[in-house]
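When a residue number appears, it is its place in the shown sequence, counting from 1.
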Amino acid sequence: MAEIINGKELAKSIRLELKEEVEKLNEKGIFPKLAVIMVGNDKASKVYVRNKSKACEEIGIWYEEILLDETTTMEKLLEIIENLNIRKDIHGILLQSPIPKHLDISKAFNKICPEKDVDGFNPINVGKLVIGEDSFVSCTPYGVIKMLERYNIEIEGKNAVIIGRSNIVGKPLIQCLLKKNATVTVCHSKTKNIADITKKADILIVALGKAKFVTKDMVKAGAVVIDVGINRNELGKLEGDVDFEEVAKVASYITPVPGGVGPMTIAMLMNNVVKACKYQN
């Protein structure tokens, strides 16, 4: 039976470390601050934003929320980002996605100054990640790597398979794993005979958005399985992209949903805010 990677506990210990770091900065008169922009009334976004503000409060990071109407223009959104770029008291800027359809999210991410881009979505940070320079790494992939490190799971020389190629998870993960000297394969909606590929994975990371997509027969005995998926079933219960009960019988390590990657994503955001603050000071 697989050992469960407890993202909740891990995130808790990382938040405690960050709290100590923030206290040391405070003694020098430095106060890390995050600004979160939310456009519209997306229910899931409201929950995420609330969790981010709670984490800030717990660690001692100052927090400012900018709530914008559904009808906000692109011009207005860019103007707000520009003002936050200029402000010396703001160290990190986060634009909560999704945003209303009439707004161009790429343009907005490009506008966030790379030094304050704590989500790691500005093309400059993405480019730096690709060429191996120090940058802000988007929080979910960063959380996945931290989990593997903290559980002393060997990455170097291992076959890592990622299912999903999104800009937020899949693509940055490729770079993070390559940096750790893994051999990386990416599967997506057009991949043929996906199980043949996943069965060769020492580390299998699933970020697809399809509940219980990965079944026991797709996983090699002793593989490490990281489930990034969050889906709601017909009863409104959260489920991952992996059939947890069955896959746990063959894997060596597995992450649960909820309580796996999710808490780590927020912990890594907090880490990036502290890093940005130190960099700017």
Side-chain angles (χ1 to χ4, degrees), residues 11 14-15 18-19 21-22 25-26 30-122 124-126 135-143 167-169 172 230 261-281:
I14 289 169
R15 290 201 305 269
L18 289 169
K19 190 174 196 257
E21 225 173 307
V22 168
L25 287 169
N26 291 171
I30 299 166
F31 302 92
K33 187 170 184 180
L34 171 68
V36 173
I37 305 166
M38 185 172 148
V39 191
N41 299 306
D42 184 77
K43 270 189 191 151
S45 290
K46 279 183 176 170
V47 174
Y48 292 137
V49 167
R50 194 164 63 239
N51 289 343
K52 283 163 188 170
S53 77
K54 266 193 211 156
C56 282
E57 198 179 327
E58 189 189 317
I59 293 163
I61 291 170
W62 292 21
Y63 179 84
E64 187 172 317
E65 210 169 275
I66 296 123
L67 301 172
L68 301 174
D69 196 74
E70 193 82 35
T71 58
T72 300
T73 63
M74 194 65 211
E75 198 179 15
K76 182 69 182 161
L77 178 59
L78 294 178
E79 185 191 311
I80 284 164
I81 293 170
E82 188 48 47
N83 285 338
L84 295 170
N85 282 339
I86 295 163
R87 277 174 57 185
K88 288 271 188 280
D89 64 320
I90 299 286
H91 303 103
I93 302 168
L94 184 144
L95 172 62
Q96 183 64 44
S97 64
I99 61 175
K101 293 270 189 286
H102 69 279
L103 299 172
D104 184 341
I105 200 157
S106 301
K107 217 178 208 175
F109 286 148
N110 291 2
K111 187 73 174 170
I112 296 171
C113 134
E115 289 78 26
K116 296 187 179 188
D117 169 38
V118 288
D119 241 345
F121 295 156
N122 182 291
I124 289 174
N125 281 321
V126 176
S135 66
F136 290 110
V137 180
S138 68
C139 305
T140 300
Y142 194 13
N167 291 339
I168 294 172
V169 182
I230 295 180
V261 177
M264 288 298 290
T265 299
I266 292 184
M268 292 302 103
L269 170 65
M270 299 298 115
N271 181 83
N272 282 351
V273 176
V274 174
K275 179 180 171 175
C277 176
K278 282 155 77 175
Y279 180 83
Q280 287 160 51
N281 282 281

Qualifying ring-ring contact (aromatic ring centres under 6.0 Å, His included) pairs with a residue from residues 68-92, counting only residues at least two apart or across chains: none
L34 versus I61, closest heavy-atom pair with distance: N-CG2, 4.1 Å
Test side chain to side chain contact (heavy atoms under 4.5 Å, CB included) applied to L77 and L95, step by step: CA-CA 10 Å; L77 178 59; L95 172 62; 4.3 Å; yes
Pairs satisfying ring-ring contact (aromatic ring centres under 6.0 Å, His included), at least one member in residues 33-84, at least two apart: F31-W62
Passing option when L68 is tested against I80, L103, I99 for side-chain contact (heavy atoms from CB on, under 4.5 Å): I80
M268 side chain reached by I14 side chain, heavy atoms, under 4.5 Å: yes
All pairs passing salt bridge (charged side-chain N to carboxylate O under 4.0 Å, His left out) where residues 79-91 contributes a residue, at least two apart: K33-D89, E64-R87, K76-E79, E82-K111, R87-D89
Whether S138 side chain and I168 backbone form a donor-acceptor pair below 3.5 Å: yes
Over all atoms of both residues, closest heavy-atom pair of E115 and A276: O-CB, 3.7 Å
Under the side chain to side chain contact (heavy atoms under 4.5 Å, CB included) test, residues paired with T140 that sit two or more places apart: V169, V228, V261, T265
E21 and K278: CA distance, side-chain angles, deciding distance, side chain to side chain contact (heavy atoms under 4.5 Å, CB included) verdict: CA-CA 10 Å; E21 225 173 307; K278 282 155 77 175; 2.4 Å; yes
Student check: side-chain heavy atoms of I93 and C113 closer than 4.5 Å: no
With K54 via salt bridge (charged side-chain N to carboxylate O under 4.0 Å, His left out) - residues at least two apart: none
4.5 Å side-chain heavy-atom contact, V273 and L94: no
Donor-acceptor contacts under 3.5 Å from residues 37-47 side chains, at least two apart:
from	atom 1	to	atom 2	distance (Å)
D42	OD2	A44	N	3.4
D42	OD2	S45	N	2.9
D42	OD2	S45	OG	3.0
S45	OG	S97	O	3.4

Backbone of F121 reached by a side-chain donor or acceptor of N125 within 3.5 Å: no
Heavy-atom closest pair, residues M264 and G143: CE-O, 3.7 Å
Test item: side-chain donor near acceptor, Y142 and N271, under 3.5 Å: yes
CA sep, side-chain torsions, deciding dist, call: L84, I66, side chain to side chain contact (heavy atoms under 4.5 Å, CB included): CA-CA 10 Å; L84 295 170; I66 296 123; 3.8 Å; yes
Shortest non-hydrogen contact from L269 toward C139: CA-SG, 3.6 Å
Nearest atoms (heavy-atom pairs only) where A11 meets A267: CB-CB, 4.0 Å
K275 (side chain) donor-acceptor with F136 (main chain) under 3.5 angstrom: no
Over 12 foreign heavy atoms within 6.0 Å of CD, E70: yes
Exercise: identify the closest heavy-atom pair between K116 and N85: NZ-O, 2.9 Å
Donor-acceptor pair, side chain of N122 and main chain of D117, under 3.5 angstrom: no
Criterion side chain to side chain contact (heavy atoms under 4.5 Å, CB included) on I30 and C277, from CA distance to verdict: CA-CA 8 Å; I30 299 166; C277 176; 3.3 Å; yes
